[in-house]
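The figures that follow rest on heavy atoms only: side chains count, while hydrogens, waters and symmetry mates do not. Residue numbers count from 1 along this sequence. None of the values given here were measured: they were computed from a predicted structure.
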Amino acid sequence: MGRRGEFEQHFIRKLLGFALGRELNKFDDCVVTKSIERLAESDDRARVMLETIVTSYPFQYRFFKAAE
């Protein structure tokens with residue numbers, strides 16, 4: 001994986017972590033992988049990456065604990 005690939009993976013992991021509001025775990029790797037694949041298929045359009053994240057299972061079913 002070249003520097004570009006490393007950047008894309010790191011960026012998507014940070015973006016996904018921010019979107020989920022938590023640290024990533026091994027179950028989130030499939031979302032990262034799918035985002036990288038779809039990004040490459042779409043001529044690097046950021047919109048596709050964001051769509052992949054917001055339509056993913058972890059994002060759709062995230063849980064936020066209410067502050068006490």
Does F59 have more than 12 heavy atoms from other residues, nucleotides or ligands lying within 6.0 Å of its CZ? yes
If you draw a 6.0 Å radius around CD in Q60, do more than 12 non-hydrogen atoms from other residues or ligands fall strictly inside? yes
Could you state whether V54 and V31 fall into the same hydrophobic cluster, counting links through intermediate Ile, Leu, Val, Met, Phe, Trp or Tyr residues with side-chain heavy atoms under 4.5 angstrom apart? yes
Can you see whether F7 has R4 sitting over its ring - NZ or CZ less than 6.0 Å from the centre and within 45° of the normal? no
Output the distance between atom OH (Y57) and atom CG (D28), rounded to the nearest 0.5 Å. 12.0 Å
Non-neighbouring partners of K34 that pass side chain to side chain contact (heavy atoms under 4.5 Å, CB included), sequence neighbours left out: R38, T52
Nearest 0.5 Å please: distance from the CD atom of E8 over to the CG atom of L15. 13.0 Å
Under the side-chain contact (heavy atoms from CB on, under 4.5 Å) rule, what do S35 and I53 come out as? Steps first, then yes or no, please. CA-CA 7 Å; S35 296; I53 290 173; 4.0 Å; yes
Is it true that D29 and R13 make a salt bridge, defined as a side-chain N closer than 4.0 Å to a carboxylate O? yes
Flag yes if V48 and L39 sit in one hydrophobic cluster, no otherwise; membership is Ile, Leu, Val, Met, Phe, Trp, Tyr, and two members link when side-chain heavy atoms are under 4.5 Å apart. no
Nearest 0.5 Å, what's the CZ-CG distance between R22 and L16? 7.0 Å
